[in-house]
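A short write-up of the structure that comes next.
Heavy atoms only: backbone and side chains are in, while hydrogens, waters and symmetry mates are out.
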Amino acid sequence: MSDAPAQPGLYDAMSTLRAVRKLRPDPIPDDVLERVLQAACWAPTGGNTQPWRVIVATDPDVKQGLADIYAPEWAKYVGGFMKMMEGLPPEQLAPWERVAAAGDYLADHLHEAPAILVFCANPKMMAITDAKLDRVSVVGGGSIYPAVQNAMLACVAEGLGCTLTTLHCLREDEVKTLLGIPDGWATAALVPIGYPVGKGHGPITRQPPAQLAYRNTFGTTWS
């Protein structure tokens with residue numbers, strides 16, 4: 001006999017975790033934040049070292065500082081992104097215009113988010129087994145991004161909107177100075193959270209296993 005299936009709520013959370021960029025400024029109770037942070041702490045890490053930390057920015061001046069760093073980087077990014085979309089038929093362009101507009105809203109209102117989670121990691125605490133390979137190293141992320149994902153799934157469970165961005169890394173020195181992050185630590189994710197404006201999380205569109213999963217060897221159809 002097979003084991004009992006996982007609780008549907010977990011699958012519901014994973015299948016509705018979409019980027020929510022429009023957040024109300026209403027404060028988040030500390031007990032709710034504690035549960036979100038606890039979810040992050042449950043995430044697996046290499047060697048169970050938990051080589052990450054998260055700064056919960058709630059002070060208005062700190063949030064404004066993060067917004068001042070983020071906004072110009074978003075403006076550059078979205079400008080280049082929309083330029084690549086030029087020439088698309090209107091029906092294909094419209095969804096990307098909505099994404100860009102939501103991103104503009106986040107950039108303009110980031111300082112109003114009741115909490116901004118800034119995840120940091122210490123590479124010296126990680127077993128980065130691909131560090132010497134002749135390609136971009138990715139293994140270290142496996143010891144921090146599961147914590148980010150856990151926190152975001154907890155946000156769904158708590159009725160909080162959230163989105164993950166890394167644009168702040170383009171000006172990491174300024175972020176580290178603002179937040180007092182010591183040498184040897186790197187920033188990995190910035191996640192504004194808050195109660196959503198409108199519906200918040202909802203159905204997402206992703207490629208299915210038929211496109212992303214292989215059986216035994218790369219390229220061999222899974223199903």
Practice item. Check whether L170 and L178 end up in the same hydrophobic cluster, where Ile, Leu, Val, Met, Phe, Trp and Tyr are linked by side-chain heavy atoms less than 4.5 Å apart. Key: yes
Residues passing the salt bridge (charged side-chain N to carboxylate O under 4.0 Å, His left out) test with D134, sequence neighbours excluded, are none
query: Is the closest side-chain heavy-atom distance between L17 and I204 below 4.5 Å?
result: no
Residues passing the side chain to side chain donor-acceptor pair (under 3.5 Å) test with T221, sequence neighbours excluded, are none
Heavy atoms of A113 and P192 approach each other most closely as CB-CB, 4.2 Å
dist L66:CG -> H168:NE2 (nearest 0.5 Å) comes out at 8.5 Å
Considering only distance and modelled atom types, tabulate donor-acceptor pairs under 3.5 Å from the side chains of residues 150-165, sequence neighbours left out.
unit_1 : atom_1 : unit_2 : atom_2 : d
N150   : ND2    : A39    : O      : 2.9
E158   : OE1    : R35    : NH2    : 3.2
E158   : OE2    : R35    : NE     : 2.6
T165   : OG1    : L167   : N      : 3.3

Is R24 reaching over with its side chain to a backbone N or O of Y195, donor-acceptor style, under 3.5 angstrom? no
Exercise. Just wondering, do I28 and V36 contact through their side chains at under 4.5 Å, heavy atoms?
Worked result: no
Between the CD atom in E172 and the SG atom in C120, the distance rounded to the nearest 0.5 Å is 8.0 Å
One should read off an interatomic distance between W52 CH2 and S143 OG, to the nearest 0.5 angstrom, of 11.5 Å
Contacts of R53 meeting side chain to side chain donor-acceptor pair (under 3.5 Å) (sequence neighbours excluded), chain-then-number -> none
Note: A71 and A107 closest approach over all heavy atoms is CB-O, 4.1 Å
Next item on the list: Using atom types as modelled and distance alone, determine if a side-chain donor or acceptor of T49 lies under 3.5 Å from a backbone N or O of M125.
Entry: yes
Those residues at least two apart in sequence (or on a different chain) that pass side chain to side chain donor-acceptor pair (under 3.5 Å) with R171 are E174
Contacts satisfying ring-ring contact (aromatic ring centres under 6.0 Å, His included) that involve residues 125-165 (not counting sequence neighbours) are none
Sequence neighbours excluded, the answer for salt bridge (charged side-chain N to carboxylate O under 4.0 Å, His left out) partners of R98 is none
The remaining residues in the hydrophobic cluster of Y105, counting side-chain heavy-atom contacts under 4.5 Å among Ile, Leu, Val, Met, Phe, Trp and Tyr, are V197
- Query: With a 4.5 Å heavy-atom cut-off, do W222 and Y214 have their side chains touching?
  - Reply: no
Worksheet item: Does the side chain of D12 reach to within under 4.5 Å of the side chain of L10, using non-hydrogen atoms?
Response: no
Under a side-chain separation threshold of 4.5 Å, the hydrophobic residues clustered together with V136 are none
Heavy-atom closest pair (M126 atom, A121 atom, distance to 0.1 Å) is CE-CB, 3.3 Å
**Asked** Taking the side chain as C-beta and beyond, is there a heavy-atom pair between T45 and P51 under 4.5 Å?
**Response** yes
Between F119 and A40 the two heavy atoms that sit nearest each other are CE2-CB, 4.4 Å
One should read off an interatomic distance between I144 CD1 and Q50 CD, to the nearest 0.5 angstrom, of 12.0 Å
Check: Does the pair L179 and V118 meet the rule for a side chain to side chain contact (heavy atoms under 4.5 Å, CB included), with working shown?
Finding: CA-CA 9 Å; L179 302 179; V118 183; 3.8 Å; yes
**Asked** Are the side chain of D130 and the backbone N or O of S137 linked by a donor-acceptor pair below 3.5 Å?
**Response** no
* **Backbone of N216 reached by a side-chain donor or acceptor of T220 within 3.5 Å** => no
inquiry  = Counting C-beta onward and ignoring hydrogens, is there a side-chain heavy-atom pair between P114 and D26 closer than 4.5 Å?
reply    = no
Practice problem: Indicate, with yes or no, if I181 and I69 share a hydrophobic cluster defined by side-chain heavy-atom contacts under 4.5 Å among Ile, Leu, Val, Met, Phe, Trp and Tyr. | Solution: yes
Flag the pair H109 / L23 as yes when at least one side-chain heavy-atom distance between them is below 4.5 Å, and no otherwise. no
Those residues at least two apart in sequence (or on a different chain) that pass salt bridge (charged side-chain N to carboxylate O under 4.0 Å, His left out) with D30 are none
Are V148 and L117 packed together at the side-chain level, in the sense that at least one heavy-atom pair is separated by less than 4.5 angstrom?
no
### Message
I'd like to know whether L190 forms a side chain to side chain contact (heavy atoms under 4.5 Å, CB included) with T166, so could you lay out the CA-CA distance, the side-chain angles of the two residues, the decisive distance to 0.1 Å, and finally the verdict.
### Response
CA-CA 6 Å; L190 187 152; T166 58; over 6 Å; no
All heavy atoms of P27 vs all of P29, minimum pair found to be O-CD, 3.8 Å
dist L110:CG -> K63:NZ (nearest 0.5 Å) comes out at 9.0 Å
Under 3.5 Å, which donor-acceptor pairs link side chains of residues 74-97 to any protein atom two or more places apart or in another chain?
unit_1 : atom_1 : unit_2 : atom_2 : d
W74    : NE1    : D104   : OD1    : 2.7
K76    : NZ     : E73    : OE1    : 3.3
K76    : NZ     : E73    : OE2    : 3.3

message: Assess the residue pair L33 and D31 against the criterion (side chain to side chain contact (heavy atoms under 4.5 Å, CB included)); give the C-alpha distance rounded to whole Å, side-chain angles, the decisive distance to 0.1 Å, and a yes or no.
response: CA-CA 5 Å; L33 283 172; D31 63 320; over 6 Å; no
For H111, the side chain to side chain donor-acceptor pair (under 3.5 Å) test, sequence neighbours excluded, returns none
Find out if a path of hydrophobic residues (ILVMFWY) with successive side-chain heavy-atom gaps under 4.5 Å connects V20 to V56. no
